[in-house]
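Reviewing the structure listed below.
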Amino acid sequence: MSEEKSLNFIEEIIEEDLNNGKHTSIVTRFPPEPNGYLHIGHATSICLNFGLTNKYPGYTNLRFDDTNPVTEETEYVESIKADIQWLGFKWKNELYASDYFPQLYEYAVKLIKLGLAYVDDSTSEEIAAMKGTPTEAGTNSPYRNRSEEENLQLFAQMKEGVFPDGSKTLRAKIDMAHVNMLMRDPILYRIKHAHHHRTGDAWCIYPMYDFAHGQSDSIENVTHSICTLEFVPHRELYDWLIKKLEIYPSRQYEFARRNLTYTVMSKRKLLQLVNEKFVEGWDDPRMPTISGFRRRGYTPESIREFCDRVGIAKRDNVIDVGLLEFCVREHLNKIASRRMVVFDPLKVVITNYEEGKVEMMQSENNPEEETITYRDVPFSRELYIEKEDFMENPPKKFFRLAPGQMVRLKSAYIIKCDEVVKDEAGNITEVRCSYLPESRSGSNTSGVSVKGTLHWVSVQHAVPAEVRLYDRLFKVEDLGEAEGDFKDYINTGSLQVVEHAYAEPALRTAKFDERYQFLRKGYFCLDKDSNEEVMVFNRTVTLKDAWAKEQKKN
RNA sequence: UGGCCAAUGGUGUAAUGGUAACACAGCAGAUUUUGGUUCUGUUAUUCUUGGUUCGAGUCCAGGUUGGCCAACCA
């Protein structure tokens, strides 16, 4: 039963390279810049790069593209490593572009000697002005024809720290009239007297992306350098540098980056959400970051499954966040322990149940288990049910509690509502019911069958808990299409806190790495904000709710 | 008014010149001690105009639409 799964276009290229003998094994790399936390879009790239070398002979390196000391920090390096490991992938080598600074410097010297690079004294504005536009050629810099000796000396002085920031750059000498703007004498090195998170103050000149990335790939013998579509125009320069430097010819391939509905997917915007306190931090459970999803209760399996289902292609896309939710529900349904928690309590008194009596009911931990295991749930005369599970004047097809109506209490008895108690203001304060003694779960001889089953918690055994309910961070589906500032579309109701929920006693021993399904409520996990005094649960995702959908129609 | 990339149901991805398929979403139903799960059925797709071919989603040409390119960011 080996159904051929079709290959994506990158796998096709690799199989061809392997089949025709161009390569016998492959090397890929995941090259994050440590200037922010990884998001779900990066997960696609991680799954692709590491997945390829799981499937084909070869290995994947983790290489930090740390060529801009101004925005990069060790905190980000650590978070990135943790996120990749959590996703379940292992890199062969942990590398840094900054490790190659000496080599890169030599490459630059080589270009100067080849007459293919020069030191330019122009200002940033002057360079921009001479750059031309996509439809007009640029003009040559007045410094373009400096002698090799002068260039060598100037570049050495740049490195020595003789010149202030921004006063000089090293540029490739290509063609100011090139139709590809990136080939119009691109800047290779700039001066930044800035402290680097790894090299400290050893350098005051730093290579640009284009002069670091391809060369780093080449140094590592990366065979297939996979990046996103916006780097397509860079490929020409990537190839040019490799050719002129006569170094290992890594090849770049581009795929379309991932977009998700109801969220933003750029580190710049995510950083803004963090800095301007729209969320608690990078790992806020509403964030589309890996750490956010982790804290929210998503599993690595579900994220990998999502990436797998979405696939790899070259066209712009906006993926329905519903697919991600489907993937996490699918996994959590299999592994989550079922528990009962009442969010918004309504007291039920079972008038014909003996006062002070407590029965231990057996309730299955997970009906999906191959061998079902059970936990004890205490049952007594006074219970809490969900306020929304009772209606005094119910509509048709309301299979819950209502005057004269019967329901089953999950894993316990069938009860019938006899009386509604109200306060002076007319609010329902209590519902008085009678139970069918012969309807006990597992030994039901009552002959009564009911449509509805409710979750419940015994009042005297209830454990208090805080529950945090999350909704989408933005109000519009496609932020790319939305006009104006993306922050105008923030969903201010994306976090709803239930401060006083009532949980069954089994949750008292809830563990951080365990996933729970609160019956009829959704999937939850213990949050790191929990302490001795209060347990905090995050809602990972709701259950599908056919009743809510039915009601929406009316 | 340049160059490059892309265009298949609502969304995403297949079909590699030979019956347009799969998943999610939607809709209808069955089962259910979770209005969950599971199961069944079902709606809906090749941007456009030409050309090549016995045959085109696929190849070619023109057009249209969308994206990317003028940071000392990556």
Side-chain angles (χ1 to χ4, degrees), chain A residues 5-8 12 31-33 35 65-68 70-72 120 122-124 127-129 131-138 165-171 178-182 184 187-192 205-206 208-210 212-213 227 229-236 254 256 258 261 267-268 309-327 329-330 333-334 338 340 363-364 367-368 397-400 407-412 414 439 441-442 444 449-455 477 480 517-522 542-550:
Chain A
K5 203 189 171 238
S6 56
L7 304 176
N8 65 50
E12 282 179 6
E33 182 190 10
N35 68 345
D65 241 333
D66 54 349
T67 56
N68 186 0
V70 179
T71 56
E72 296 156 7
D120 194 336
S122 305
T123 64
S124 172
I127 289 176
K131 192 109 190 178
T133 70
T135 54
E136 298 165 87
D165 285 9
S167 60
K168 285 182 169 51
T169 57
L170 182 75
R171 294 227 262 166
H178 201 109
V179 71
N180 183 348
M181 299 285 290
L182 283 156
R184 322 243 262 228
I187 293 171
L188 268 19
Y189 268 92
R190 76 282 216 196
I191 302 170
K192 277 180 196 277
I205 55 170
Y206 292 93
M208 296 286 289
Y209 165 85
D210 286 300
H213 200 99
C227 61
L229 246 29
E230 66 269 29
F231 291 97
V232 168
H234 293 252
R235 191 176 60 229
E236 193 168 12
E254 313 86 8
R258 206 54 67 211
T261 55
K267 280 196 272 188
R268 202 195 93 247
R309 282 181 185 251
V310 166
I312 299 294
K314 296 184 79 159
R315 59 171 150 159
D316 300 324
N317 58 76
V318 188
I319 293 153
D320 191 342
V321 70
L323 180 62
L324 219 204
E325 293 178 346
F326 167 84
C327 292
R329 282 191 191 106
E330 184 185 45
N333 177 49
K334 290 193 191 106
R338 271 55 170 176
M340 293 195 283
S363 193
E364 67 266 32
E368 307 290 320
K397 291 204 261 182
F398 183 79
F399 306 138
R400 305 182 184 183
V407 292
R408 172 170 291 282
L409 295 176
K410 173 72 181 173
S411 300
I414 291 174
S439 68
S441 185
N444 181 11
S449 70
V450 294
K451 283 266 192 159
T453 301
L454 307 185
H455 64 280
E477 190 169 311
Q517 184 196 100
F518 292 175
L519 244 55
R520 306 206 298 137
K521 285 298 191 184
T542 60
L543 255 26
K544 270 212 235 169
D545 192 342
W547 173 244
K549 190 185 280 181
E550 180 69 27

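A, B, ... follow the sequence lines: proteins, then strands. Residue 1 opens every chain.
- Using the Watson-Crick or G-U wobble rule with both distances under 3.5 Å, U52(B) pairs with nothing in any strand shown.
- Residues G322(A) and S122(A) both approach RNA chain B. Their nearest nucleotides, taken by heavy-atom distance, put G322(A) toward the 5′ side.
- At the heavy-atom level, T135(A) lies under 4.0 Å from base atoms of the strands shown.
- Judged by Watson-Crick or G-U wobble contacts below 3.5 Å, the nucleotide A7(B) has U64(B) as its partner.
- Base pairing analysis places U42(B) opposite G26(B); the two distances defining the Watson-Crick or G-U wobble pair are each below 3.5 Å.
- Among the heavy atoms of the strands lying under 4.0 Å from K192(A) are primed sugar atoms or P, OP1, OP2 only; no base atom is included.
- At least one side-chain nitrogen or oxygen of K549(A) sits closer than 4.0 Å to the OP1 or OP2 atom of G26(B).
- At the heavy-atom level, L454(A) lies nowhere under 4.0 Å from the strands shown.
- Across all strands, F231(A) comes closer than 4.0 Å to base atoms (heavy-atom distances).
- Here the side chain of N333(A) is nearest to one of U1(B), C24(B), G36(B), namely G36(B).
- At least one side-chain nitrogen or oxygen of R190(A) sits closer than 4.0 Å to the OP1 or OP2 atom of C73(B).
- Within 4.0 Å of Q517(A), counting heavy atoms only, lies at least one base atom of the nucleic acid.
- Its glycosidic angle being within 90° of 0, A71(B) falls on the syn side.
- Contact between the side-chain N/O atoms of R520(A) and the OP1/OP2 oxygens of G35(B) is found at a separation under 4.0 Å.
- If you check U32(B) for Watson-Crick or wobble pairing at under 3.5 angstrom, you find it has no partner at all.
- Here Y209(A) does not lie in a stacked arrangement on the base of A74(B), lacking the combination of planes under 30° and ring centres under 5.5 Å apart.
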